[in-house]
Amino acid sequence: MTELSPLFETLAAEFEARHGSRPAGFWSAPGRVNLIGEHTDYNEGFVLPFAIDRRAVVALAGAAPDAPALARVSSTFSDQIVELALADLAPDALADWSAYPLGVAWALAEHVSATSGTEARRALPGFALHIHSDVPIGAGLSSSAAIECAAAVALNEFWQLGLAPAELARIGQIAENQAVGAPTGIMDQSASMLGHTDAAVFLDCRSMNAESVPLGLYAEDLEILVIDTRVSHDHATGGYAERRASCERAAAEMGVKSLRELSVADLPRLQQRLDDETFRRARHVISENERVEQTVRLLETEGPLAIGALLDASHVSMRDDFEISVPELDLAVEVAQEGGAIGARMTGGGFGGSALALIRRPQRPALEAAVLEAFTARGYRRPDLFVVQPSAGATMKGHLDD
Ligand code: GLA
């Protein structure tokens, strides 16, 4: 029998307590930090996220013999065990945290129906699944994509579907859009599926071409410090969907399929045609696409020390044009910049969550102290500060030897 690491041993015991058998394997997928390219994914633009060293882990086994067509899920963040007949999986039947793993099971089952027919879907065996994650929830680091991708790789192997990482990212996005109800793009799941150590994923969200771009942080003694403001956000309601609608309106008014079709040279024309707010929303997306491409070029030619100004400019654009920052994020970015960070910006969908600062490693203690002091002085909640390492994406194989 395979010997398990302490974490897997704990999860196996928890699994057994909840589901009455040992798991057949463990699969994991990371959260992500987006280096640059915000709100560009659903506009068919460019993004440059990286997978982080915080992961969701899924333990999975076949369903109990007396209930072979049941999907049964549990987690370390809730006492609830949710069970549903596989045939009853549907977006409307799912709620709360279980919508992430069961939404993925539903999206995969739909895929099986579409590609192999309803008989094949009916033949899918039931399963029990237990989730553990150390990706902080609500910090804007894609804790939900981590769970979706971990569930997707686990079921992909258990059901022997043979889907590739990029296809599983799409399955995760379908679950997020339809089962969870957040109208998000493909970035988070792509980063979680496709990440590599010390590299970012340069994704063209129109062609879906993905390239690994080395970040070279270690060689330059640099770190990415995350400042989690602990201001919570929710992309299933409010601002996120509104921003997406503005972008779609701008593209429609300009007669293009998506804002990706437009470049900075088109901005004067946009300004004439669009109302001021819609124009600024579009200007953010169009200029952000250009910043992503410039960042990739600079990383390849000069290395990470050269990208600071682009990170800073991205933040200004999100704060002033896209208006998705909050005072806590602005403060985190300002203090990091004043403390000598190479560059800093909010990361993720906005309206709360985290900022990132690209810093020289020895700067960290002083910078952390300055951020904490500034937050206290303003009477803001104490932020969480931690360093993230660009890490490998989801594990495709997790089945243990018998
Ligand atoms: C969230 C969404 C992503 C992306 C970002 C903004 O993280 O899940 O698809 O749109 O916001 O860049």
Side-chain angles (χ1 to χ4, degrees), residues 1-33 49-63 71-82 96-105 107-108 127-139 141-159 161 163 165 168-169 171-172 175-176 180 188-197 386 388-402:
M1 227 175 90
T2 317
E3 198 157 318
L4 299 182
S5 69
L7 171 64
F8 285 1
E9 204 37 83
T10 307
L11 290 177
E14 289 177 5
F15 187 96
E16 203 165 355
R18 287 165 178 78
H19 301 291
S21 67
R22 295 285 288 179
F26 301 89
W27 292 258
S28 74
R32 64 98 188 91
V33 160
F50 59 88
I52 59 174
D53 52 333
R54 303 237 176 172
R55 305 178 78 88
V57 182
V58 155
L60 179 141
R72 207 164 188 273
V73 296
S74 62
S75 71
T76 47
F77 37 81
S78 160
D79 289 337
Q80 221 188 358
I81 296 179
V82 179
D96 304 327
W97 64 270
S98 67
Y100 299 103
L102 291 177
V104 165
L108 282 171
F127 61 87
L129 176 160
H130 181 62
I131 306 166
H132 165 82
S133 177
D134 67 358
V135 186
I137 292 174
L141 304 182
S142 296
S143 54
S144 58
I147 294 174
E148 288 153 3
C149 292
V153 287
L155 287 168
N156 186 47
E157 190 175 356
F158 177 61
W159 281 342
L161 303 178
L163 295 182
L168 295 174
I171 292 288
E176 180 86 34
V180 179
D188 306 343
Q189 293 81 5
S190 300
S192 183
M193 287 304 312
L194 305 174
H196 288 288
T197 307
F386 49 91
V388 287
Q389 313 288 350
S391 300
T395 52
M396 290 297 283
K397 289 194 190 310
H399 208 282
L400 300 172
D401 304 332
D402 294 324

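On a predicted model such as this, the values are computed, not experimentally measured, just so you know. Counting begins at 1 with the first residue of the sequence.
- Residues forming a ring pair (Phe, Tyr, Trp, His ring centres under 6.0 Å) with F386 (at least two apart in sequence, or on another chain): none.
- Listed by chain and number, the residues in a salt bridge (charged side-chain N to carboxylate O under 4.0 Å, His left out) with R72 are E83 (sequence neighbours excluded).
- A distance-only check finds a donor-acceptor pair linking the side chain of T395 to the backbone of S28 [under 3.5 Å].
- Residues F77 and I131 are in side-chain contact: their nearest non-hydrogen atoms beyond the backbone lie under 4.5 Å apart.
- Not counting sequence neighbours, R54 has no partner by the side chain to side chain donor-acceptor pair (under 3.5 Å) test.
- Taking the side chain to side chain contact (heavy atoms under 4.5 Å, CB included) definition, one finds that S142 meets it with R32, A145, D188, sequence neighbours left out.
- In this structure, R55 contributes its side chain and G393 its backbone to a donor-acceptor pair below 3.5 Å.
- Among residues two or more places apart in sequence or in another chain, the side chain to side chain donor-acceptor pair (under 3.5 Å) test is passed with S78 by W97.
- Residues that satisfy the side chain to side chain contact (heavy atoms under 4.5 Å, CB included) test with T76, not counting sequence neighbours, are L11, E14, H130, H132.
- Scored by the ring pair (Phe, Tyr, Trp, His ring centres under 6.0 Å) test, F8 finds F26 as partners (sequence neighbours excluded).
- Residues satisfying the side chain to side chain contact (heavy atoms under 4.5 Å, CB included) test with A51, not counting sequence neighbours, are P30.
- With values rounded to the nearest 0.5 angstrom, L163 atom CG is found 6.5 Å from L108 atom CG.
- Listed by chain and residue number, F15 satisfy the ring pair (Phe, Tyr, Trp, His ring centres under 6.0 Å) test with H19 (two or more places apart in sequence, or in another chain).
- In this view, F50 satisfies the ring pair (Phe, Tyr, Trp, His ring centres under 6.0 Å) rule with no residue, not counting sequence neighbours.
- Separating the OH atom in Y100 from the CD atom in E176 is a distance of 5.5 Å, to the nearest 0.5 Å.
- Annotation: side chain to side chain contact (heavy atoms under 4.5 Å, CB included) contacts of Q389 (sequence neighbours excluded): D53, V387, S391.
- Annotation: the span from K397 atom NZ to E157 atom CD amounts to 5.5 Å, rounded to 0.5 Å.
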